[in-house]
Structures are given as C-alpha cells and as structure tokens.
Protein chains: 2
Amino acid sequence: MKKPSERQQMILSFIEEFIEEHDFPPTIRDIQYGCDISSTSVVSYNLDRLKESGLLNRHSEVSRGLSLAGQSHRNSSAEPVSIDTVAVPLLGTIAAGSPFPMPENDTWSDLTGQELIDLPQAIIGPGTGIYALKVRGESMIDALISDGDLVIMEQTSVVRNGQMAAVRIKSENTTTLKHYYSEGPRTRLEPANTQMEAMTFRSDDVEVLSKVVAVWRYLG
Amino acid sequence: MKKPSERQQMILSFIEEFIEEHDFPPTIRDIQYGCDISSTSVVSYNLDRLKESGLLNRHSEVSRGLSLAGQSHRNSSAEPVSIDTVAVPLLGTIAAGSPFPMPENDTWSDLTGQELIDLPQAIIGPGTGIYALKVRGESMIDALISDGDLVIMEQTSVVRNGQMAAVRIKSENTTTLKHYYSEGPRTRLEPANTQMEAMTFRSDDVEVLSKVVAVWRYLG
DNA sequence: ATACTTTCCGAACATTAGTGCGGATATTAT
DNA sequence: ATAATATCCGCACTAATGTTCGGAAAGTAT
C-alpha cells in the first residue's frame with residue numbers, strides 16, 4: 001500500500017473535518033472547492049486511490065457515499081494522560097443585539113442536560129460559576145473575538161481595572177465585551193482591539209455581568 | 001413541542017439505523033422504501049415536522065442533508081471521568097519580524113525539557129506535529145490574536161482554502177498568520193479581521209509553514 | 001354536519017452530484 | 001531521451017435526489 005499523495009492526504013483530512021462539522025460526508029464538489037482542485041474528475045480519481053489504499057470507503061453512484069475507514073488512528077505523538085477536568089456548561093450563544101445569556105440564579109443545578117465542555121482544571125483556574133458561550137456573528141470583533149469562538153465566562157459583579165468583562169450599558173440596553181476601567185464617577189470601556197476607540201459612561205450606568213476568563217478559538 | 005407521530009418516530013429510528021450501518025445519512029427515497037411510504041413528498045413533509053420538533057437537523061437542497069439532533073456526542077456510554085490529553089510543546093514566541101519558530105526536523109524528540117502544555121485531545125483533534133507558540137506584541141492583531149495569546153499550530157505544507165496558516169512571503173521574507181486562499185497562479189491572504197484588507201501574491205512566492213489549529217487566550 | 005388542520009398521494013420538475021472520456025501534464029523508470 | 005505510468009483538466013452526460021403542487025383522505029374542533 002503506497003503512501004497517499006499530498007493531495008490525497010488533504011482530501012482525507014477535509015472529509016474528516018467536513019463530517020465532524022456537518023455530520024454527513026461531503027460531495028465530490030464540496031471536496032473540489034474545499035481543496036482547490038480544478039475538476040471533479042480529479043477528486044473522483046483520488047477518491048478511488050484512497051479507496052484502493054483502504055483509507056476510505058466509497059460507494060459508487062451514491063451521493064456523499066463516503067466514510068473514513070481508518071477510523072481510530074488516535075493520538076500518535078503523545079501518551080494519553082488523565083488529568084483533572086471541569087465540565088463547563090455551554091449556556092448559549094452571544095450575538096449582536098441579543099440579550100446576554102446568563103445562568104439562571106434560581107437553579108444552577110438544572111444545567112444538567114445542557115451541553116457540557118470538558119476543560120482542564122489547570123487552564124480554567126479555580127473560579128466558580130464558570131460557563132461558556134459560543135459567539136455568533138462578528139459583533140465582538142473589536143474584542144478580538146470572532147464568529148464561532150468559545151468564550152469562557154465567570155459570573156461576577158466586580159472586576160479589576162483592565163479585565164475584560166461582559167458589561168451592560170443600562171441607558172442603551174446593550175451588552176458587549178470590553179476592558180473595564182473604573183475611574184471614580186466615570187467608567188471607561190476599552191475594546192481589546194487597540195485600533196478601536198474607548199468610550200466612557202457614568203459609572204452607575206454600567207453593570208458588570210460576568211468577566212471573561214478565557215477565549216478558545218478552534219480552527220482545525 | 002408536539003410528540004412526533006408514529007410514522008415520524010419510525011422515520012427517525014430508520015435514519016438512526018441507516019447511519020449506524022452506512023456511516024452516512026439516507027436519502028428521502030431510502031427512507032421512503034425503508035419505511036414503506038408511498039411518496040417522497042410524504043417523507044419530505046414528515047422530515048420538516050421532525051425538524052420543527054428539533055429532533056432532526058435538515059439542510060434543504062442538500063442530498064442526505066440529515067443528522068440526528070439528540071446526540072451531541074458520539075460515544076454514548078462512556079463515563080466522563082478522565083479525558084485524553086496531549087502534551088503540546090511550547091516552542092517559543094512569535095513576534096513581529098522574528099523568524100517563525102518551527103520544530104526542528106532532525107529531532108522532534110529533543111523537545112523534552114521544553115515546557116509542555118496539557119490540552120484535551122478532544123479540542124485539539126487528531127492531528128500530529130502539534131506545537132504551541134506564545135504571541136509577543138500586537139503584530140498579529142489583524143488575525144484577532146493579541147499579546148499573550150497561545151497559538152496552537154500544526155506543521156503542514158498544505159492547507160485548504162479558508163484555513164488560517166503561518167505563511168511566509170519569500171520576496172519580502174516576512175511571516176504572518178493569515179487566512180489562505182489559493183486561486184490558481186495567485187494566492188490571496190486575508191486577515192481574520194474583516195476590517196483589514198486582503199492581499200494577493202504569486203503562488204510560488206507564498207510558502208505555507210504551519211496551520212493554526214486553535215487559539216487560547218487566558219485572561220483570568 | 002361543517003369547517004379547519006394535518007397528513008398523504010402521485011407525478012412532474014429542477015438541482016445536485018457521480019461518471020466517463022479524450023487529451024494534456026507531470027513524474028518516474030529504462 | 002524515450003517510454004511508461006500516474007495525475008490532472010474540462011466538459012458533457014446521466015443517474016441520484018430534493019422540491020413543488022393540486023388534490024384526496026383522515027383526523028379535530030365548532
């Protein structure tokens with residue numbers, strides 16, 4: 001069995017990620033565009049090679065009739081170690097204009113059933129009231145957070161100067177993620193992106209909802 | 001949310017078994033014959049009902065564009081006690097103008113002694129040749145990456161369109177992180193920050209060093 | 001019963017998506 | 001170089017597959 005060519009490896013990983021994202025396999029044309037291949041026949045040709053190599057199952061005349069054969073090539077470079085992890089509930093999404101998702105104060109425990117995300121204790125830190133949000137849209141772009149990012153939040157009403165927090169401007173009824181600077185009667189909110197400008201508000205017009213503990217952006 | 005009808009339940013379980021057996025979803029006609037339904041339109045109708053109930057994901061005008069909504073995770077019976085993690089070596093820092101750090105090809109093994117970072121296997125994915133870099137300075141600001149961020153890289157020389165990668169412009173001898181789009185003889189490099197403008201280069205002037213797998217920003 | 005909603009039927013229709021083929025380019029072996 | 005093989009390219013063709021629509025049946029509420 002020959003080693004698959006570079007293009008074939010790219011196709012293979014494209015299929016893998018496509019399935020991961022969509023839960024169904026790609027079409028030949030999906031692969032064509034995704035891997036920047038000039039013709040469907042080239043894709044078909046390489047799929048046949050991959051099938052010969054036993055790396056792929058292909059059913060002819062069946063749309064999306066692909067599945068990965070070498071299913072379990074687990075971790076190859078490192079030994080799996082078990083470490084302490086915390087299960088963080090994914091509470092929802094942030095999007096422009098939408099109310100900011102927060103854990104209900106009545107029952108923090110009924111989060112069971114929500115989707116959970118395992119994160120290593122070490123990188124989360126010791127905080128409590130941790131939850132995660134998925135970002136939708138580019139509304140947080142000035143906080144260097146883009147569509148699809150996962151934001152790890154910690155519920156709190158006080159933050160130190162300079163920390164990034166979800167703050168609500170009462171008078172405008174808007175919520176965004178900004179760096180927070182309390183300056184006596186005024187509060188300055190500064191985007192993470194230094195190319196954007198800061199704004200100041202009356203301190204009693206600003207309400208801190210949660211602080212940002214971490215941002216995770218998975219691109220694959 | 002109403003309870004699905006008998007026929008809808010049958011369709012749902014058929015889809016489940018079909019995927020179990022084939023690793024890809026059925027067509028409307030597969031369902032039609034499998035559930036002994038007289039018309040494709042009836043299947044389509046009930047699929048819409050199931051989608052409304054939130055039990056099924058359906059993508060219109062996509063063949064086999066079905067997936068079960070209920071199960072978010074593959075493994076159904078595993079206990080979430082300990083998770084697999086990989087130790088990722090922290091190879092160095094990225095800064096403006098500095099040569100891009102890469103693992104030495106001679107000895108991948110002498111990374112011992114380097115600082116290691118434990119990351120969950122699940123969020124890293126199955127890739128090999130993974131390493132991490134710490135960002136210094138704001139040189140990557142247009143890729144939505146700021147000072148102190150941890151960038152998880154995977155060594156590769158080929159990336160697909162749309163992926164973020166570390167690319168080197170040979171003629172300028174510079175290296176940056178950009179979204180990569182191959183367009184035949186030209187290659188377009190697009191910042192993650194949509195407020196910045198894309199640039200195009202001759203394809204043979206662009207060398208792909210690594211692709212960005214993930215970005216981790218810890219703020220605490 | 002009457003009206004209203006849900007579900008079903010069939011059959012044509014429109015896209016989507018896999019295949020085939022002649023010939024051009026690479027790549028490798030002799 | 002020459003030949004042999006592996007890949008790639010467009011493009012047309014066709015099978016696979018989702019959609020639409022008028023109308024019939026079945027089920028529910030008034």
Side-chain angles (χ1 to χ4, degrees), chain A residues 1-12 14-15 18-19 21-68, chain B residues 1-15 18-19 21-68 157-158 160-161 182-186 203-204:
Chain A
M1 181 195 305
K2 289 170 61 177
K3 190 177 66 176
S5 73
E6 208 167 68
R7 176 163 275 184
Q8 283 157 20
Q9 291 179 43
M10 180 158 63
I11 290 176
L12 212 51
F14 176 82
I15 295 173
F18 189 100
I19 293 177
E21 182 177 341
H22 296 86
D23 279 338
F24 50 80
T27 66
I28 285 185
R29 283 172 179 80
D30 288 333
I31 300 171
Q32 181 191 355
Y33 299 134
C35 297
D36 194 42
I37 295 173
S38 58
S39 172
T40 57
S41 60
V42 175
V43 178
S44 181
Y45 170 82
N46 284 288
L47 290 178
D48 284 339
R49 293 297 84 72
L50 285 168
K51 181 176 182 179
E52 285 173 5
S53 302
L55 296 168
L56 187 74
N57 300 319
R58 188 185 189 199
H59 303 255
S60 70
E61 299 182 17
V62 169
S63 77
R64 303 173 191 272
L66 305 170
S67 66
L68 297 177
Chain B
M1 182 195 301
K2 289 171 62 177
K3 189 176 67 178
S5 75
E6 204 170 77
R7 176 162 275 182
Q8 283 158 18
Q9 291 180 40
M10 180 160 61
I11 290 176
L12 212 51
S13 76
F14 175 83
I15 294 173
F18 189 100
I19 293 177
E21 184 178 339
H22 296 87
D23 277 338
F24 49 80
T27 65
I28 284 184
R29 284 170 180 81
D30 288 333
I31 300 172
Q32 183 191 356
Y33 301 134
C35 296
D36 194 39
I37 295 173
S38 57
S39 170
T40 57
S41 61
V42 176
V43 179
S44 180
Y45 170 81
N46 284 288
L47 290 178
D48 284 338
R49 294 295 85 69
L50 285 168
K51 181 176 182 180
E52 286 174 3
S53 303
L55 296 167
L56 187 73
N57 300 318
R58 188 184 189 200
H59 302 256
S60 69
E61 299 180 20
V62 170
S63 75
R64 301 173 192 272
L66 305 171
S67 66
L68 299 177
S157 57
V158 268
R160 292 192 313 279
N161 283 344
S182 169
E183 299 173 330
R186 306 284 292 177
S203 289
D204 59 6

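Below, chain A is the first sequence line, B the second, and so on; all start at residue 1.
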For A/R29, give me all partners under side chain to side chain donor-acceptor pair (under 3.5 Å), at least two apart in sequence or on another chain.
none
To the nearest angstrom, the CG-P distance between B/D48 and D/dC21 comes to 14 Å
Between CD1 of B/I11 and P of C/dC8 the distance, given in whole Å, is 8 Å
Over 60° means perpendicular and under 30° means parallel, so classify the ring planes of B/F24 and B/H22, tilted if in between.
tilted
Give a yes/no answer on whether the side chain of A/R58 brings an N or O atom under 4.0 Å of OP1 or OP2 in C/dT19.
yes
Could you tell me whether the phosphate oxygens of D/dC8, OP1 or OP2, come under 4.0 Å of any side-chain nitrogen or oxygen in A/Y45?
no
Could you go through B/V62 and A/R64, starting from their C-alpha distance and side-chain angles, then the distance that decides it, and tell me whether this counts as side-chain contact (heavy atoms from CB on, under 4.5 Å)?
CA-CA 10 Å; B/V62 170; A/R64 303 173 191 272; 2.9 Å; yes
Nearest whole angstrom, please: distance from the P of C/dT7 to the CE of B/M10.
14 Å
Between the protein and nucleotides 9-11 of chain C, list every N/O to N/O distance that falls short of 3.5 Å.
unit_1	atom_1	unit_2	atom_2	d
C/dC9	OP1	B/S38	OG	3.4
C/dC9	OP2	B/S38	OG	2.3
C/dC9	O5'	B/S38	OG	2.4
C/dG10	N7	B/S39	OG	2.7
C/dG10	O6	B/S41	OG	2.6

I want to check one thing: is the phosphate of D/dA6, taken as OP1 and OP2, less than 4.0 Å away from some side-chain N or O of A/N46?
no
Given D/dT17, C/dT19, C/dT16, which nucleotide is nearest the side-chain atoms of A/S44?
C/dT19
On DNA chain D, check which nucleotide each of A/R29 and B/R64 is closest to and give me the residue with the more 5' one.
A/R29
Does OP1 or OP2 of C/dA17 have a side-chain N or O of B/S63 closer than 4.0 Å?
yes
To the nearest angstrom, how far is B/I28 atom CD1 from C/dA14 atom P?
17 Å
In whole angstrom, what separates A/Q32's CD from C/dT16's C1'?
13 Å
Test log, rule side-chain contact (heavy atoms from CB on, under 4.5 Å), inputs B/D23 and A/L68:
CA-CA 9 Å; B/D23 277 338; A/L68 297 177; over 6 Å; no
To the nearest angstrom, how far is B/Q8 atom CD from C/dT6 atom P?
12 Å
How far apart are the C-alpha atoms of A/I15 and A/L55, what are their side-chain angles, what is the distance that settles it, and do they pass the side-chain contact (heavy atoms from CB on, under 4.5 Å) test?
CA-CA 12 Å; A/I15 295 173; A/L55 296 168; over 6 Å; no
B/T27, nearest nucleotide to its side chain (from D/dT19, D/dG18, C/dG18):
D/dG18
OG1-CG distance between A/T27 and A/D30, expressed to the nearest 0.5 angstrom
3.0 Å
How many Å lie between OH on A/Y33 and C1' on C/dG18, as a whole number?
14 Å
Rounded to whole Å, CG of A/L47 lies from P of C/dT19 at a distance of 9 Å
Between side-chain atoms of residues 33-43 of chain B and protein atoms elsewhere (two or more places apart, or another chain), which donor-acceptor pairs fall under 3.5 Å?
unit_1	atom_1	unit_2	atom_2	d
B/S39	OG	B/S41	N	3.1
B/S39	OG	B/S41	OG	2.9

